[in-house]
Amino acid sequence: MSEGAYQRLWDSSHATLQELLDQEQPLLEPVPQRDRQSFQYRLLSLYLCYLGLLRRFDTLYDHMVQPQKRQLLRRLLDSVAGRVLELKEELVRADLCETHCLDRLLQDLTLTPADMEVPIPRYFLLEQSSVLREQRLMLQHILSRMESVSLEQDFPAMHHTDAIILLQTAERARQGRLRATIMREIRREVEQDQKMRKDGWHMFNQDQAAITIQKVWRGYLQRKCTQQAQQMEMELIGMLPSRRQVEPLGTKSQACPGADAGRLRQLEKEEEFQVALVQTRDSLRDIEGPVMQEQMKEQIRQWFTECHALTGRFPDYPDESLGGSYLIFADKTPEQVKMELEMQVQESRNKNQEKNKKKEKKKKKGKGKKARLEEEDTMLKVLPSKFIPMMNAGHEEYKNLWKNPYDSVHPGQSFDPETLRVEKRKEVEQALRIQVDEPMRQELKNLHLAVGREVVRPLKFAKKNTEKKAGEKKEKDLTANRSMDSLFEELITLDLLKKSETVALKDYVGDCLYLGSTLSLAKKLPMPSLFDIRQNMALYGVLRLGSSDIHSMAPLIRSILLVGPSGMGKKMLVKAVCTETGANLFDLSPDNLQGKYPGKTGAQTLVHIVFKVARLLQPSVIWIGNAEKNFYKTVPKEEQKMDPKIKNDLTKAVRLLSPGDRVMLIGTTERPQLAEMKGLCQTYERVIFMPRPDYASRYELWKRMLEAQGGQVTQSLDISALAKVSEGYTAGHILKAIQSVLTEQRLLWLAKWPLVASEFLGHLAEQEPVYKEEEESLKDWYFSTPLGKKMRRFFKDQEAQEARLAKEKKKQK
């Protein structure tokens with residue numbers, strides 16, 4: 001696409017952003033409970049629109065070259081992503097559930113399920129590629145050194161004679177197999193010759209031979225044309241997958257050189273821009289700096305004189321914490337500045353009086369306040385956003401600088417020097433203001449002493465509460481005398497820091513829930529689909545860990561618990577989060593900790609080292625498999641000697657994570673019923689329930705996994721039947737069945753012997769499915785979590801209210 005095309009896309013994106021910002025203000029008004037459905041509908045529509053806007057800004061940031069535009073796009077991209085996360089939190093509070101029914105909204109907005117996909121900004125991995133490369137090289141170096149040592153220990157030296165005998169045995173076996181294959185082919189040829197001599201040769205004349213050949217060839221051509229026409233017809237009506245779906249791989253490989261060239265051009269322009277930043281700042285400081293200082297001093301002296309003429313005394317100089325002389329340069333008269341300073345002093349004096357009045361009012365109001373609070377709690381409202389001011393500022397900057405397409409088109413995609421000088425002039429003025437304030441304060445002090453012998457009375461302002469809140473403790477560094485490299489190597493040696501497999505989040509295959517709204521209207525709680533689980537991991541894990549700017553301002557989520565039966569892809573999702581964000585993977589699973597860091601302080605030391613290295617190498621993911629083992633209600637006999645026990649230290653370490661610490665604790669469990677609910681929910685802030693795949697997800701699993709393993713989906717393979725009979729089986733079961741059927745020999749025969757559904761049934765039946773009782777047990781546990789309890793209580797209240805209304809209607813009749 002050209003620069004003009006991207007400019008038009010940018011213009012349309014800002015038009016959409018303006019519409020969304022206009023819709024934000026009404027959401028701040030409280031809504032009664034009876035309007036819950038309309039409130040949820042408005043939130044969901046905003047959420048989907050912001051997802052589309054996030055997708056557009058990601059495309060623009062990835063392809064635009066002009067550095068100043070890219071800076072603005074980056075701020076807009078992060079702010080829109082943060083607003084998506086805020087809306088997700090509002091939806092969870094409104095729906096009392098981690099998943100949401102969007103099928104009816106898709107129909108109203110004429111969108112497709114692909115529009116619900118959470119886009120992952122591409123700069124997450126591109127901007128930290130060099131850091132990731134260094135960490136991987138260091139990890140590979142340590143692992144290779146460990147492997148060489150283990151190989152020396154595992155394979156002792158073999159005697160020379162034994163080695164020769166082993167090689168001779170293998171070579172003679174190979175020659176025997178080759179000789180047997182040759183003799184088998186010779187025997188087959190002899191048998192064919194004998195059979196042909198026995199049956200006799202059928203003689204044809206020239207015309208008969210030509211007719212026979214033509215008949216066979218024309219029949220072959222006609223059958224081939226018929227098959228192609230039938231294939232095209234089935235593809236047209238959507239009964240068979242299109243053969244053109246394979247083409248994007250080739251086009252992607254062809255597009256890679258263009259994309260790489262575009263990114264190289266972005267880097268070149270960014271380097272030019274950074275050089276120009278330094279040069280512009282230096283030139284402004286050297287050329288315009290002295291003039292700016294003199295102008296500031298003249299303005300401050302004029303302000304001194306005007307205030308003295310107005311009030312009869314020289315003013316007090318504004319404190320540095322309030323902005324210093326910036327208050328004087330804010331285009332305000334001396335009267336206005338004086339009034340503001342006096343108002344601030346008066347506010348600081350009245351704070352104690354207000355506190356005393358509040359204490360008296362609390363005693364009087366008591367019951368009335370409780371009733372009002374209860375009424376406010378029942379109202380639905382959206383909390384103020386931290387990202388809307390950023391979006392407003394970015395939108396205003398776009399309108400002022402880049403909205404006009406003729407002004408925004410720069411030759412060669414270079415930076416705009418005038419805009420750069422305006423930005424840097426403000427920075428230089430701010431730096432010079434601090435230098436000017438000190439001598440001018442001294443000059444004002446001299447004026448106080450010289451004229452009228454006034455005594456300087458410094459302004460007193462309310463002190464900021466820098467004391468720590470109760471309960472907040474500073475973490476003690478137990479490894480202050482150790483270097484980062486030694487801790488890093490120790491964790492790798494103990495297999496606590498692992499090399500994560502490359503797994504894309506989109507590889508977690510699953511379709512969305514198409515009847516969620518219908519089930520809700522029928523008073524049936526819809527279960528999350530695999531698509532919903534993938535979206536939640538993108539929102540809770542990937543978007544937060546990918547950017548420090550987003551993480552520092554978005555609603556803080558420090559830990560996630562994935563609950564579901566075996567084979568649902570819990571470990572795959574952990575690896576996908578690491579892949580999409582470039583995060584380091586730490587393994588604190590109980591089975592992986594046995595025998596490591598023994599003793600009374602072993603658990604504390606272990607958790608401290610892991611979280612310390614995770615913070616320094618952020619983004620980081622700390623994975624705990626079989627998370628229920630750390631919170632057993634009753635510890636089994638075979639695990640009573642489990643050491644170290646990290647339950648208490650883990651909970652404390654998670655609570656110490658603050659905004660900006662891109663460290664995520666992810667636990668996985670198949671048996672959460674064995675764990676103590678209170679401790680588990682205190683450690684893990686979000687619980688994602690993973691039920692068995694529904695029909696739509698199973699259909700996608702069979703189709704995508706067959707293609708991934710090299711199989712061909714033809715008309716003879718009834719995927720719909722496979723999806724139907726595999727009810728109760730997880731993605732892991734389906735993958736094992738496919739791998740059992742698609743052996744190397746079977747793949748060679750696919751052209752002559754297409755796959756049929758009956759081939760998979762035997763291998764599928766050999767595995768144990770997830771029975772309904774097991775899933776119901778997990779559901780009951782999920783509804784006993786804090787969020788599940790709220791959901792169940794809400795449905796009970798709703799049913800009671802409907803029953804009460806029905807009784808009132810009967811009485812009226």
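All values derive from a computational prediction rather than experimental measurement.
Residues P693 and S697 approach most closely at CB-CB, 4.1 Å, considering heavy atoms. For D587 against L593, the heavy-atom pair with the smallest separation is O-CD2, 4.4 Å. When all heavy atoms of L77 and D58 are compared, the pair lying nearest together is CD1-N, 3.7 Å. Across all their heavy atoms, T668 and G625 have their closest contact at OG1-CA, 3.4 Å. Taking every heavy atom of both residues into account, G667 and Y684 meet most closely at N-CE2, 3.6 Å. Counting all heavy atoms, side chain and backbone alike, G582 lies closest to L125 at N-CD2, 3.4 Å.
Residues L657 and F611 have side chains in contact (heavy-atom distance under 4.5 Å, counting atoms from C-beta outward). For the pair M484/V613, a side-chain contact is recorded, criterion being any heavy-atom separation below 4.5 Å from C-beta on. Counting only heavy atoms from C-beta outward, the side chains of P121 and S547 never approach each other to under 4.5 Å. Annotation: side chain of I624 is in contact with side chain of L650 (closest heavy-atom distance under 4.5 Å). Within the 4.5 Å cutoff, the side chain of V92 has heavy atoms near those of the L787 side chain. For the pair L46 and L27, the minimum side-chain heavy-atom distance is below 4.5 Å. Using a 4.5 Å cut-off on side-chain heavy atoms (C-beta onward), K790 and R793 make contact. Taking 4.5 Å as the limit, every side-chain heavy atom of L530 sits out of range of all side-chain heavy atoms of V509.
Here D511 contributes atom CG and D694 contributes atom CG; the two are 7.5 Å apart, rounded to the nearest 0.5 Å. If you take CD1 on I560 and CD on E685, they are separated by 9.5 Å, rounding to the nearest 0.5 Å. A distance of 7.5 Å separates CG of L43 from OG of S45, quoted to the nearest 0.5 Å. Atom CD1 of residue I734 and atom CZ of residue R704 lie 13.5 Å apart, to the nearest 0.5 angstrom. Here C578 contributes atom SG and N584 contributes atom CG; the two are 8.0 Å apart, rounded to the nearest 0.5 Å. Annotation: the span from F39 atom CZ to K381 atom NZ amounts to 10.5 Å, rounded to 0.5 Å.
In this structure, R534 contributes its side chain and K506 its backbone to no donor-acceptor pair below 3.5 Å. Between the side chain of D95 and the backbone N or O of Q40 there is no donor-acceptor pair closer than 3.5 Å. In this structure a side-chain-to-backbone donor-acceptor pair under 3.5 Å is present from E775 to R692. Not one N or O on the side chain of S726 forms a donor-acceptor pair closer than 3.5 Å with the backbone of Y729. Judged by distance alone, with hydrogens and angles left aside, the side-chain atoms of T601 form no donor-acceptor pair with the main-chain N or O of Q604 at under 3.5 Å. In terms of modelled atom types and a separation under 3.5 Å, the side chain of S620 and the main chain of R615 share no donor-acceptor contact. Using a distance-only test at 3.5 Å, with no hydrogens or angles considered, no donor-acceptor pair links the side chain of K88 to the main chain of L539.
Partners of D78 according to the salt bridge (charged side-chain N to carboxylate O under 4.0 Å, His left out) rule, which considers only residues two or more places apart in sequence or in another chain, are R74. Judged as a salt bridge (charged side-chain N to carboxylate O under 4.0 Å, His left out), and not counting sequence neighbours, E727 has no contacts. Partners of Y782 according to the ring-ring contact (aromatic ring centres under 6.0 Å, His included) rule, which considers only residues two or more places apart in sequence or in another chain, are F689. When the salt bridge (charged side-chain N to carboxylate O under 4.0 Å, His left out) test is applied to R55, no partner is found at least two apart in sequence or on another chain. With sequence neighbours left out, the salt bridge (charged side-chain N to carboxylate O under 4.0 Å, His left out) criterion links E86 to R83.
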side-chain hydrogen bond (donor to acceptor under 3.5 Å, both in side chains) between H733 and T730, intermediate numbers included: CA-CA 5 Å; H733 294 142; T730 63; 3.3 Å; yes
Steps toward side chain to side chain contact (heavy atoms under 4.5 Å, CB included) verdict (M527, L513): CA-CA 9 Å; M527 286 291 101; L513 188 63; over 6 Å; no
Residue pair K629, D591: steps toward the salt bridge (charged side-chain N to carboxylate O under 4.0 Å, His left out) verdict: CA-CA 9 Å; K629 291 186 177 182; D591 297 336; 3.1 Å; yes
Under the side chain to side chain contact (heavy atoms under 4.5 Å, CB included) rule, what do T669 and F631 come out as? Steps first, then yes or no, please. CA-CA 11 Å; T669 177; F631 301 91; over 6 Å; no
Quick one: do V610 and L606 satisfy side chain to side chain contact (heavy atoms under 4.5 Å, CB included)? Show the steps, please. CA-CA 6 Å; V610 168; L606 165 65; 4.0 Å; yes
Yes or no on side chain to side chain contact (heavy atoms under 4.5 Å, CB included) for I609 and L496, after CA distance, side-chain angles and deciding distance? CA-CA 11 Å; I609 292 176; L496 297 176; over 6 Å; no
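Residues S777 and D780 have side chains that never bring a donor and an acceptor to within less than 3.5 angstrom of each other. Of the N and O atoms on the side chains of S589 and W623, not one donor lies less than 3.5 Å from an acceptor on the other residue. T651 and T683 form a side-chain donor-acceptor contact under 3.5 Å, judged by distance and modelled atom types alone. With hydrogens and angles left out, the side-chain atoms of S658 and D661 include a donor and acceptor closer than 3.5 Å.
For K652, the NZ atom is loosely surrounded, since the number of other residues' heavy atoms within 6.0 Å does not exceed 12. Counting non-hydrogen atoms of neighbouring residues, nucleotides and ligands closer than 6.0 angstrom, the NZ atom of K498 exceeds 12 such neighbours. Heavy-atom contacts from other residues, nucleotides or ligands closer than 6.0 Å to NZ of K571 number 12 or fewer. Atom CD of Q37 has 12 or fewer neighbouring heavy atoms from other residues, nucleotides or ligands inside a 6.0 Å radius. More than 12 heavy atoms of other shown residues, nucleotides or ligands fall within 6.0 angstrom of atom CD in E802.
With respect to the salt-bridge test (charged N to carboxylate O, under 4.0 angstrom), the residues E799 and K796 do not qualify. For R93 and E90, the salt-bridge test passes: some basic side-chain N is under 4.0 Å from an acidic carboxylate O.
The one candidate from E580, M664, M537 that meets the side-chain contact (heavy atoms from CB on, under 4.5 Å) condition with V542 is E580. With E98 as the fixed residue, the side-chain contact (heavy atoms from CB on, under 4.5 Å) test singles out one of I533, N536, L91: N536.
Within the structure, ring pair (Phe, Tyr, Trp, His ring centres under 6.0 Å) pairs that include any residue of residues 518-570 do not occur (at least two apart or interchain).
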